[in-house]
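Worksheet for the structure shown next.
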Amino acid sequence: IAVPGLRSRQHDLDAVGNARALMKPATSVVAYLEALHDEASLSAWWVASADPSVTPRLRAARAAADRAARRLPAAAAAADAHGAPEALVAQA
């Protein structure tokens, strides 16, 4: 009776550990999407208004989006290592 209970609990523990490992890649994707949204909003503001005060903020937002995009391949590889191979397809 103890062995099946232990195996079941070990399986649950492994599943929790795997879910925790997937949080970092998911966080990287969320950060990229937020940076991309910020850049898009500032781009739309600049196109609509041609306000020169938006330019420095837009440059900073583009740099942030580029930094976040560079972290995506590592996030996809980490997700693949923890059972989410479809993350690699999104990168291709």
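These numbers come from a predicted model, not from an experiment.
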Query raised in the report: Measuring from Glu34:CD to Thr27:OG1, what's the distance to the nearest 0.5 Å?
Result: 10.0 Å

**Report entry** Hydrophobic cluster membership, Leu36 vs Leu42, 4.5 Å side-chain cutoff
**Finding:** no

Requested in this report: Search all heavy atoms of Ala75 against all heavy atoms of Pro25 and return the closest pair with its distance.
Outcome: O-CB, 3.3 Å

Query raised in the report: Distance from Leu58 atom CG to Ser53 atom OG, nearest 0.5 Å?
Result: 11.0 Å

Report summary line: For Glu39 and Ala61 the tightest heavy-atom approach is CA-CB, 3.9 Å

Report task. List for me each residue that meets side-chain hydrogen bond (donor to acceptor under 3.5 Å, both in side chains) alongside Ser49, sequence neighbours excluded, and say none if there are none. Result -> none

Report summary line: Between Asp51 and Trp46, the two heavy atoms sitting closest are O-CD1, 3.5 Å

